[in-house]
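Only one structure is covered here, and it is reproduced in the block below.
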Number of protein chains: 2
Amino acid sequence: MTSGPELPHPARDEIALTQVLFALSDPDRLAIVRQLAGGPLEMKACTPGETARAKSTRSHLFKVLREAGVLRSVPQGRGRLLTLRRADLEARFPGLLQAVLDGAD
Amino acid sequence: MTSGPELPHPARDEIALTQVLFALSDPDRLAIVRQLAGGPLEMKACTPGETARAKSTRSHLFKVLREAGVLRSVPQGRGRLLTLRRADLEARFPGLLQAVLDGAD
DNA sequence: GGGAGGGTTCGAAAATCATCGAACAATCCC
DNA sequence: GGGATTGTTCGATGATTTTCGAACCCTCCC
């Protein structure tokens with residue numbers, strides 16, 4: 001019934017600033033976050049930067065973002081649905097996400 | 001006349017977001033930035049986190065912040081004066097620095 | 001049942017980063 | 001001049017990160 005594995009997410013107040021900043025400090029991961037800014041996306045449809053990556057590498061990129069509390073990753077069908085944790089991030093670090101999304105490269 | 005070495009700083013438009021985020025993603029470096037939020041500080045007076053660090057390690061922490069364009073480090077007497085590059089950061093990534101300074105840990 | 005599609009986990013190899021001590025440079029001040 | 005103060009740079013070592021392939025798990029669908 002439940003599809004893929006339920007993976008752990010930090011609670012709102014467990015989200016740590018340095019960990020979030022680190023997660024966002026990689027070009028591929030930042031590209032992912034910017035794609036998600038437009039709304040939830042299926043993981044298969046969410047492609048990191050230019051260069052192709054092995055699927056295990058992709059999985060790792062999402063893992064870092066998930067464990068930092070930047071996004072939520074829930075099973076959906078045979079895949080996963082990714083959502084930016086906007087409200088949680090905004091509550092804890094007001095303006096941060098917006099600044100990162102709007103800022104230059 | 002000029003004191004210690006003149007060290008390179010990126011120009012405003014060379015400041016890269018991922019590099020800035022990475023520089024800020026370390027607790028010691030973040031602590032430095034927060035201290036500098038109160039105004040310029042002599043390097044000797046600027047102490048990273050709790051744990052003591054060798055002076056070469058301290059120097060390295062400041063170097064990462066300087067090369068990322070987060071702070072300016074100019075010779076002053078036998079030491080150095082550190083200044084947050086607020087205007088440059090604000091121009092390039094509006095709201096980012098403030099969010100990082102104000103946000104939770 | 002048995003593919004095929006989508007992802008995670010594991011283990012290993014490569015690259016990057018942090019940390020330190022030692023050596024060196026520039027400044028101040030006696 | 002000479003010593004103390006303040007920092008940088010270099011080289012080495014250890015710790016994290018990144019990346020990948022291989023093995024495995026679930027789900028959809030025929």
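To find a chain, count down the sequence lines: A is the first, B the second, and so on, and within it residues start at 1.
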| request: Using a cut-off of strictly less than 4.0 Å, decide whether A/Arg53 has a side-chain nitrogen or oxygen near OP1 or OP2 of D/dT19. | output: yes
| query | Looking at B/Ser59, does any N or O in its side chain come under 4.0 Å of the phosphate oxygens OP1/OP2 on D/dT8? | reply | yes
| message | Does this structure show an ion pair linking B/Arg53 with B/Asp28, if we count only N-O contacts that are shorter than 4.0 Å? | response | yes
| NA contact type, B/Arg29, heavy-atom cut-off 4.0 Å: base, sugar-phosphate, or nothing? | sugar-phosphate
| side-chain N/O A/Thr57 vs D/dC20 OP1/OP2, d < 4.0 Å | yes
| Whole angstrom value for the distance that separates P of D/dT6 from CE of B/Met43 | 12 Å
| query | Does B/Arg58 make a side-chain N or O approach to OP1 or OP2 of C/dT19 shorter than 4.0 Å? | reply | no
| query | Under a 4.5 Å cut-off applied to non-hydrogen side-chain atoms, are A/Pro40 and A/Gln76 in contact? | reply | no
| message | Distance check needed: D/dT9 P versus B/Phe62 CZ, whole Å only. | response | 14 Å
| Which nucleotide in C/dA4, D/dT9, D/dT17 has an atom nearest any side-chain atom of A/Phe22 | D/dT17
| request: Give one of base, sugar-phosphate or nothing for B/Lys55, where a contact means two heavy atoms less than 4.0 Å apart. | output: base
| Atom pair distance, as rounded to whole Å: CZ in A/Arg80 and C1' in C/dG6 | 10 Å
